[in-house]
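Here the structure comes first, spelled out in structure tokens, and everything after it is commentary.
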Amino acid sequence: MMPAAEEEDAGQRIAKFASLVASCCAWIATVLGICAIFLPWWTGAAAGEVLGFSTSLEGSITLWNYDLKIEVPISADSPDMHAVQRDEGWSKWCKQEEENRREWPSECVQLECTRAFTVLAPIFALLSAVAALIGMFEPLVLLIAAFCSFIGGLSAAVGFICALLIGTSGLTAPGGMLLIAACVLIVLAFLLDVYAAQRAMPLEGDGKVQRQSGGRLLKLRAAKTEELQLMQHLASRNPRVTIVEPHEEKGDAVSVDHSSHHSSRSGTHEDGNAASLGETEVGVHVPSLKKAIEWSHSHGSDESEQIPVNLLEKAFREMDADASGSIDLDELVRALVSCGLPASREATEKILGEIDKNQSGDIDILEFVGFFRHIEEMNRFAKKNQSRARFITLACSCCFLTHVVLVGTLLMLFINMDEAENPDNYIIMKNLLIVCSLTLGVLFCVVIAVPALNLTLGQSMVAWRQHYDKRFRIDKNKFRGGAK
């Protein structure tokens, strides 16, 4: 097997190469996008139909002006035709059409959208190219490059769609084709940026929370993770909750050895802040506590059935080893470990703080019972949220399938409609189709795109967050050291 250091170096080299290729793709896309802004989009005799000239002979139309050769009558009384060259800007044509239609032409709105998105595409492609080059030395910048590539590719795609709405006749000129090529290259750059970020910033420690000596923030996070583990077990061990197991290292280790109804625990903690529970301490026998913890799991179908008070009182007496009428931290740790929970002093202190309402340092019977009642309420609330989430997911899926059928039906009806026969119905159908298509796009993102993104990039996002926290923590420490 390849050593870890060599494997990491190989990953960095691959990431740099992918970043370089992504930058080259983005640079080429920038040039193509700039050319698409000024070159013709519609050419030939069919190009005149975009502007309503059915008798055009030849010409070309860009995003800014048009140059057409059209046939017009010599006079109003003569049937003879002669060719006239029309070389004007889109703004003049829009004003003339506005006077004739008494409203701003929809073609002009679509043209403005085409211009805007076509200009945005090379701008974001250029930003992506520069960010990809910087990402060869600073991996976090690759995420900015990927974001710029995504926006650039989306802008190019939307720009070409707007051009299709203006008119498809003669839409074979270099301008539109270059924008499509730029869109493909920007999407390729986006994929390469994401791949380079994955190779340059792998997930550390297999996704487990790591605690390092001297890292106060990591200690707090590890303690919070263990607290969530305990809360999860106390909340009937809900299988839908994801558990992040703490990474055990020297100087902060917790081991649990289950044997029948008891377990042993030994541990040492950093900086001398916590002492062990004792070399000869063994887990206490607390069957009532274990039964209380698993009550919601065994009676999950009946939410109205609470944990009996006498069972909680019995569990409290079992935990109160010295019969003092209260439970201290050591007794709580021993009881939780005996139930098979991943208890450590940091996490148990958090639990103790949740139960100990009067901040006395120990737990009385009222606080103990109240805590379990609170856990039951949290469990019921979590189940309601899960049911609500399942209902929302099902509803969105049904709406998505309904809109697929609806958009398909409306599109077939719209294609067969003739604008000249009934212009009002044509406009209504067109607007309805646009609204349903936009709704379908939103539902597609919710039902398919977001879950797919979470499945494919979920672990990578965790890794990127790790590197982000690590990098800015180092910079912050350097800043503090320089200030001192």
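Atoms considered below: every heavy atom in the structure, side chains included; atoms not considered: hydrogens, waters and symmetry mates.
Residues Val194 and Gln198 are in side-chain contact: their nearest non-hydrogen atoms beyond the backbone lie under 4.5 Å apart. Put simply, the side chain of Ser128 reaches to within 4.5 Å of the side chain of Asp193, judged on heavy atoms. A 4.5 Å side-chain heavy-atom check between Trp27 and Val130 finds at least one atom pair inside the cut-off. Contact annotation: the side chain of Met429 approaches that of Met417 to within less than 4.5 Å [non-hydrogen atoms, C-beta and beyond]. No side-chain heavy atom of Met201 sits under 4.5 Å from any side-chain heavy atom of Tyr468. Residues Asn454 and Val450 fail the side-chain proximity criterion, which asks for heavy atoms closer than 4.5 Å. For the pair Ile61/Trp41, no side-chain contact is recorded, criterion being any heavy-atom separation below 4.5 Å from C-beta on. Residues Trp42 and Ile166 are in side-chain contact: their nearest non-hydrogen atoms beyond the backbone lie under 4.5 Å apart.
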Subject >> Worked verdict on Phe124 versus Phe147 for ring pair (Phe, Tyr, Trp, His ring centres under 6.0 Å) >> reply: CA-CA 9 Å; Phe124 279 99; Phe147 174 78; 7.2 Å; no
**OP:** Please step through side-chain contact (heavy atoms from CB on, under 4.5 Å) for the pair Asn65 and Lys92, ending with a clear verdict.
**Re:** CA-CA 9 Å; Asn65 53 31; Lys92 184 177 180 179; over 6 Å; no
**OP:** Dump the intermediate steps for side-chain contact (heavy atoms from CB on, under 4.5 Å) on Ile14 and Tyr195, then the final yes or no.
**Re:** CA-CA 9 Å; Ile14 294 175; Tyr195 177 73; 3.7 Å; yes
Subject >> Test log, rule side-chain contact (heavy atoms from CB on, under 4.5 Å), inputs Ile34 and Phe38 >> reply: CA-CA 7 Å; Ile34 294 174; Phe38 301 102; 4.2 Å; yes
Original post:
Checking side-chain contact (heavy atoms from CB on, under 4.5 Å) for the pair Leu179/Leu32: CA distance, chi angles, key distance, verdict?
Top reply: CA-CA 7 Å; Leu179 187 64; Leu32 295 180; over 6 Å; no
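In terms of heavy-atom proximity, Cys183 sits nearest to Ala156 at CB-CB, 3.7 Å. When all heavy atoms of Leu443 and Cys396 are compared, the pair lying nearest together is CD2-O, 4.3 Å. Nearest heavy-atom pair, Cys162 versus Cys113, reported as atom, atom and distance to 0.1 Å: SG-CB, 3.7 Å. Shown here for Ala36 and Leu178, the closest heavy-atom pair between the two residues is CB-CB, 4.2 Å. Considering all non-hydrogen atoms of both residues, Gly159 and Thr118 come closest at CA-OG1, 4.5 Å. Pro451 and Cys445 make their closest contact through CD-O, 4.2 Å (heavy atoms, listed as atom of the first residue, atom of the second, distance).
With values rounded to the nearest 0.5 angstrom, Gln110 atom CD is found 12.0 Å from Ile161 atom CD1. How far OG of Ser106 is from NZ of Lys430: 4.5 Å, rounded to the nearest 0.5 Å. Here the straight-line distance linking atom CG of Leu432 with atom OG of Ser437 works out to 9.0 Å at 0.5 Å rounding. The structure places CG of Leu185 at 12.0 Å from CD1 of Ile180, a figure rounded to the nearest 0.5 Å. Remark: Cys148 SG to Ile123 CD1 distance equals 11.5 Å, nearest 0.5 Å. Separation of atoms NZ (Lys69) and CG (Asp87) is listed at 14.0 Å; rounding is to 0.5 Å.
Using cut-offs of 30° and 60° for the angle between ring planes, the Phe444 and Phe400 rings count as tilted.
Listed for the Thr168 side chain is no donor-acceptor partner under 3.5 Å among the backbone atoms of Leu164. Proximity of a side-chain donor or acceptor of Thr409 to a complementary backbone N or O of Val405 within less than 3.5 Å is detected. In terms of modelled atom types and a separation under 3.5 Å, the side chain of Trp64 and the main chain of Ile37 share a donor-acceptor contact. Listed for the Arg199 side chain is no donor-acceptor partner under 3.5 Å among the backbone atoms of Gln12. Formation of a donor-acceptor pair under 3.5 Å by the His467 side chain with backbone atoms of Pro202 is found in this model. In this structure, the side chain of Asn431 engages the main chain of Ile427 through a donor-acceptor pair within 3.5 Å. For the pair Ser155 (side chain) and Ala121 (backbone), a donor-acceptor distance under 3.5 Å is absent. A donor-acceptor pair under 3.5 Å links the side-chain atoms of Thr30 to the main chain of Leu126, judged by distance alone.
Between Cys108 and Cys94, the two SG sulfurs come within 2.5 Å of each other, short of that mark.
A 6.0 Å sphere centred on CZ of Phe414 holds more than 12 heavy atoms belonging to other residues, nucleotides or ligands.
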